[in-house]
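Contents: one structure, followed by commentary.
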Amino acid sequence: PCPPLTPLPSAPLQDIRNTVGNIPMEWYQDFPHIGYNLDGKRIYKPIRNKDELDMFLEKMENPEYWRTVQDKMTGADIKLTDEQVDLVHRLQKGQFGDVHFNPYEPAVDFFTHEVMIHPVTNRPADKRSFIPSLIEKEKVSKLVHAIKMGWIKPRKPKDDTPTYYDLWAHEDPNSILGRHKMHVPAPKMKLPGHEESYNPPPEYLLSEEEKLAWEQQEPAERKLNFVPQQYRCLRAVPAYSRFIHERFERCLDLYLCPRQRKMRVNVDPEDLIPKLPKPRDLQPFPTTQALVYRGHTSLVRCLSVSPSGQWLVSGSDDGTVRFWEVCTARCMKTLPVGGVVKSVAWNPNPTICLVAVCVEQSVLLVNPCLGDKLLYGATDQLLESYEAPEEERVQPVRWVTASVEEHSKGVRLVVQHSKAVKQVTWHGKGDYFASVVSDNSNMQVLIHQTSKRWSQNPFRKSKGLVQCVLFHPIRPYFFVATQRYVRIYNLLKQELTKKLMTNCKWVSSMAVHPGGDNIICGSYDSKLAWFDLDLSTRPYQMLRHHKKALRSVAFHKHYPLFASGSDDGTVIVCHGMVYNDLLQNPLLVPVKVLKGHVLTLDLGVLDVLFHPTQPWVFSSGADGTVRLYT
Amino acid sequence: AAVTRRLCILKGIYPHEPKHKKKVNKGSTAPRTFYLLKDIKFLLHEPIVNKFREYKVFVRKLRKAYGKSEWSTVDRLKDNKPTYKLDHIVKERYPTFVDALRDLDDALSMCFLFSTFPRTGKCHVQTIQLCRRLAVEFLNYVIASRSLRKVFLSIKGIYYQAEVLGQPITWITPYTFAHDHPTDVDYRVMATFTEFYTTLLGFVNFRLYHSLNLLYPPKIDGQADVELKPMEGKEYAMDSESYLEKLSALSASLARVVAPTHEDEVEIDEFPVEGETAEQMDARKKEQEALENHKKLFEGLRFFLNREVPREPLAFIIRCFGGQVSWDKSLCIGATYDVRDPSITHQIVDRPRVEQQVVGRYYLQPQWVFDSVNAKLCLPVADYFPGVLLPPHLSPFVTEQEGDYIPPEKLKLLAMQRGENPDEESEEEDEEEEEEDDGNDKEEEEEEDESEKEEEMKLKKMEEQKTQSNKALPVKVTAGKLRLEDRQRLEQEQQSEEKRLAIMMMKKREKYLYKKIMFGKKRKVREVNKLAAKRKAHDTALKEEKKKSKKARRV
């Protein structure tokens, strides 16, 4: 209770109490008045035009300035009296406002700490303090019930066994579970190498490119899961940010990775290489390129050699057939035929000098007029001695005698087919020859007899696209290679005797061993299959020596050699020994890889052929050359 | 799923790779994990499954009680909190003690990691404390048994390898920095692993301590304790509180059940194994001797660790090899002597230079300790003075096989271990080099690889042949000489061709295998060559720089 501020005596006596109430006076900041008096008239703010300077002067000059305050309600200046100033001082010091108040009056106890015989209040005791509590009884009975029912269990005795003891005190081998035998312990973590050191040898640090490559790799593909770093001293080594990750990944590995025992066989690679007889012991075989027959301007598709081994004939895409002398590589004769020569075949009969040439839709029988004059004269006589039969028989082809102009070049007979001819091959006796026509019908294979100028179609049905045909060298068998199978027909009985599965995608060529019991098949999927006809209808061995498609294969007539030419430009000569003893399987050993042909248009070697008597091999290539290896 | 995961982790069940993946996976080849049926059945029999269920019920009850604010129930429930023990699982997974030791690597690494975790969040404080205690106990055991073999400062952390009962145990500790906790890590999985590992490590520690006749839980040797006391004064903390800290200071030896007597070290009787030759026995003996020497590597040396040096690893390593170690007493409890102690032989320092050097002790960088341990001998100190460019720190875990790349530092070290002293030579060479700028051709020659040497030899031979033939025939180039050279080459060519042809005849599967092996070999050779080339380039660059700086100085 402090005395209300009394208005200063100098203030006007009229009542200027403001009626706006206890509101923030800022609301009247922008008005000329600051409220309303009891009559509802405006109370105007006292006119003040004191600026800073006036204020300062007043502060300097007015001795009462320090006790002048502004009444916010009226806006008037009020000078505080001495009592009021005193009060302010007291309040500031935290003392009571009233000067006369004594805060330290002596205390008078109402209740005493001594026990008195009479109660302080006269209130009688409640009844509930004499009768047992129902609520408590209920609670107790609930607890009793819970204990009875086993819901509340007495406090478990603390087990006082030590946390750690000698667990392996009695190692009993019998108690080991059976599953431990099957248990695969987790492999330990890889131990760090030099590159993980904080100060590795300088060669282990990554160069800029390596670092870039490391960053671009997938995290799983990286060889190191960190970048090697070098720090000058131990003080500079920071914390490894992926430490927790790595431990976590290890945890995941431990419980999520399937474990498997892998037997790692330590194989010496040299032991894997099969022990083969040395090529040196298997001589003779061609080893070096001896001659190159140049002259063709385009790829040389086919080769054939005369039975005496003196002459070589080659057919090319430039529309010529050339006759060469083998030993001198001299082109003896060039026969322009006006079309791509697909196949040439020299008559194997040494008494007949005749070459079959496939040009487009016809097969030309050419007398090269080389060598013994008697011999080729006899051949001409033989051909001219033909007498046309009385009755004209229906033939699948037309036999035409060559015109005079052609005759002068050497062409004797032209067998005109209905479609393009792919291949021609002679029978061993030299009278019959077979031709393959690229067609889908049953007219694909035709067998011709030269002496009677008569052709026939041996097959009633087409069994697929025929790739090549061959006569058996001794027996009356006929081999027909389709895309995937080789069929062997008995010509006498006119029946299929065998069907060989080649296990290749597309057979390209075929050759028969002079003994007649073994066949090799080259295929466009760069495999060579060796069949032993006595053994099975499946290949005895598949040789994957070439890197590209095989174009042709050949057997040597006398030596145990066979060769294969491929698109990769190589000729591989293998030793293929066939034993007379039926119990011993053929021995196949590659003995030489012959290189020399230049790859042109992705084609390498197109035809290979052995010399009939010498261990020499001819090869014709896409580079327009024929090469002889001896 | 969470319970299954925990069970799999605790029981050590892992998936299996089925023999016929397609058959098992109903014809699909999508990646799936397969467990053996009998493994899962085995999990079902585990008594701990019931404990897990109990615990789940307990948590549910507790939550309910909290929700209803039934504090007495909460107290009662907490009193009866179900607990479980993993003892039988440890025994079942590791039927013999050696099995447990074999699997200790991960347990130790995990415990060391967890013991560095902050005491807040991520996992229970008790777990962290337990991990710390077990880790410190293990360290004390390694000190007491002196079984530490190798240490390695990697950028990931510090690797240690100890040999306990013939089993190599490797663990890694992170550098002591605050962890940047990753968000893509499931700490529950790690906590489950840690739960098992702490149990395992506790039992292993118990057994190990008893094998050395030490008290477990470990007590600091009374004598040592008394020695420690006066230094510390009484203002530090109560004995019970500072126990772990004193233990982890790794400076005091432990109390034994039976007081150690020096007669313990009886000479081991030697029983020659049948079929063992005298040479083998000798070698074994030598090995044994070397091991003993290695264990006493730092015996008699007194180390002082400066405060910037990681105290715990260094104190651990030095004490493992018999050295005495101390540090500033404000750094950690357990310091035994002061910097001013005149008997200090080595002071480990990791700052560019030391202001006040005391005569009579070596000031060395911490790498010296690590390298010396790995080299099994006290290395020459000159390379490790403060502020000196340190030699590379090599991994002791690499054992180079035939054909692997060996860094030149390692070669030097191996030579030193054999007892040769290539150091002086190289120093001399260095000096020579300093004297003569152009005289470094020799050294280069020596540095070159052996293969190159061989090649050079061949070349020299050929040259000799050439000169001889030239002398014999005064005519200039002759065909005869060419043939002479060709014969060798021809033979080689023929051999290689034979091999190529034989390779052509290989079966498909064998060819595949052969090609794979050869590819691996070639890759290895390539990598080795790359490293060697890099090193050579680096060395030449360094030399050039040296030369340049020298020239600059001269000018």
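Just so it is clear, the structure is predicted and the values come from calculations on it, not from any experiment. Every chain is numbered from 1 and lettered A, B, ... according to where its sequence line falls, protein lines coming before strand lines.
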Using every non-hydrogen atom in the two residues, find where A:Glu196 and B:Phe152 come nearest and quote the distance to one decimal.
C-CZ, 4.0 Å

Out of A:Gly193, A:Ala236, A:Pro200, A:Ser207, return the one with the most heavy atom pairs under 4.5 angstrom to chain B.
A:Gly193

Less than 4.5 Å to any heavy atom of chain B: does that hold for the side chain of A:Val591, its backbone, both, or neither?
backbone

What I'd like to find out is whether the side chain of B:Lys156 reaches to under 4.5 Å of the side chain of A:Asn225, using heavy atoms alone.
yes

Side chain / backbone / both / neither for A:Pro185 at chain B, heavy atoms under 4.5 Å
neither

Counting heavy-atom pairs under 4.5 angstrom with chain A, the leader among B:Ile517, B:Val185, B:Asn205, B:Thr33 is B:Val185

Is a side-chain donor or acceptor of A:Ser197 paired with a backbone partner of B:Leu394 at a separation under 3.5 angstrom?
no

If you count heavy-atom pairs within less than 4.5 Å of chain B, which of A:Arg232, A:His245, A:Gln229, A:Glu195 leads?
A:His245

Looking at chain B, which one of A:Ala169, A:Cys257, A:Cys574, A:Ser241 has the largest number of heavy-atom pairs inside 4.5 Å, strictly under?
A:Cys257

Tell me, side chain or backbone of A:His170 under 4.5 Å from chain B's heavy atoms, or both, or neither?
backbone

Mind checking the CE-CG spacing from A:Met182 to B:Asp39? Nearest 0.5 Å is all I need.
10.0 Å

Less than 4.5 Å apart, side chain to side chain, heavy atoms only: is that true for B:Tyr14 and A:Pro258?
no

Could you pull out the closest heavy-atom pair between B:Asp350 and A:Cys233, with the gap in Å?
OD1-CB, 3.5 Å

Between A:Tyr231 and B:Ile155, the two heavy atoms sitting closest are CE1-CG2, 3.9 Å

Minimal heavy-atom distance between A:Pro238 and B:Tyr175, with the atoms involved, is O-CD1, 3.8 Å

Take B:Arg535 and A:Glu203 through the salt bridge (Lys or Arg N to Asp or Glu O under 4.0 Å) test and state the conclusion after the steps.
CA-CA 5 Å; B:Arg535 178 63 183 225; A:Glu203 62 268 32; 2.9 Å; yes

Residues A:Asp166 and B:Phe206: closest non-hydrogen pair is N-CE2, 3.3 Å

If you measure from CZ on A:Arg250 to CZ on B:Phe193, what distance do you get to the nearest 0.5 Å?
9.0 Å

Check: B:Pro391 main-chain N/O paired with A:Asn199 side-chain donor or acceptor under 3.5 Å:
yes

Go through B:Phe203, B:Tyr187, B:Phe397, B:Tyr405 and name the one with the most non-hydrogen pairs under 4.5 angstrom from chain A.
B:Phe203

Could you check if a side-chain atom of A:Glu210 sits within less than 4.5 angstrom of a side-chain atom of B:Lys530, using non-hydrogen atoms only?
yes

Distance col, row A:Leu191:CG vs B:Ser395:OG, nearest 0.5 angstrom, shows 7.5 Å

Please answer whether the main-chain N or O of B:Val204 pairs with a side-chain N or O of A:Trp168 as donor and acceptor at a distance below 3.5 Å.
no

Report yes if some heavy atom in the side chain of B:Arg500 is under 4.5 Å from a heavy atom in the side chain of A:Val593; otherwise report no.
no

Pair count under 4.5 Å, heavy atoms only, with chain A: among B:Lys507, B:Gln494, B:Gln365, highest is B:Gln494

Side chain, backbone, both or neither: which part of A:Lys190 has an atom under 4.5 Å from a heavy atom of chain B?
neither

For A:Tyr255 and B:Val189, which heavy atoms make the closest approach, and how far apart are they?
CE2-CG1, 3.9 Å

Quick check for you: among B:Arg93, B:Lys410, B:Gln161, B:Lys38, which has the greatest number of heavy-atom pairs under 4.5 Å with chain A?
B:Arg93

Answer whether the closest heavy-atom distance between the side chains of B:Glu409 and A:His194 falls below 4.5 Å.
no

Greatest number of non-hydrogen atom pairs under 4.5 angstrom with chain B, of A:Ile244, A:Val184, A:Val589, falls to A:Ile244

Would you check if the side chain of A:Lys188 reaches a backbone N or O of B:Thr170 as a donor-acceptor pair within less than 3.5 Å?
no

Check the pair B:Glu498 / A:Lys592 against salt bridge (Lys or Arg N to Asp or Glu O under 4.0 Å), numbers first and verdict last.
CA-CA 9 Å; B:Glu498 272 171 29; A:Lys592 189 72 191 169; over 6 Å; no

If you measure from CG on B:Asp106 to SG on A:Cys251, what distance do you get to the nearest 0.5 Å?
7.5 Å

For B:Glu17, which of A:Arg259, A:Gln260, A:Lys262 qualifies under side-chain contact (heavy atoms from CB on, under 4.5 Å)?
A:Gln260

Residue from B:Met518, B:Lys511, B:Glu92 scoring the most non-hydrogen pairs under 4.5 Å with chain A is B:Glu92

Under 4.5 Å heavy-atom distance to chain B, tell me which part of A:Gln230 shows up: side chain, backbone, both or neither.
neither

If you measure from OH on A:Tyr240 to CD1 on B:Ile172, what distance do you get to the nearest 0.5 Å?
9.0 Å

Under a 3.5 Å distance rule, please check whether B:Lys534 uses its side chain to pair with a backbone N or O of A:Leu205 as donor and acceptor.
yes

Give a yes or no on this: more than 12 heavy atoms of other residues, nucleotides or ligands lie within 6.0 Å of atom OH of B:Tyr512.
no

d(B:Arg351 CZ, A:Arg235 CZ) to nearest 0.5 Å is 8.5 Å

Under 4.5 Å from a heavy atom of chain B, the part of A:Leu234 involved
both

Decide whether B:Asp87 and A:Tyr165 meet the rule of one side-chain donor and one side-chain acceptor closer than 3.5 Å.
yes

Contacting moiety of A:Arg544, where chain B heavy atoms sit under 4.5 Å
both

Quick check against the 3.5 Å criterion: does A:Tyr164 have a side-chain atom that pairs as donor or acceptor with the backbone of B:Arg207?
no

So which part of A:Phe248 gets closer than 4.5 Å to some heavy atom of chain B, the side chain, the backbone, both or neither?
both

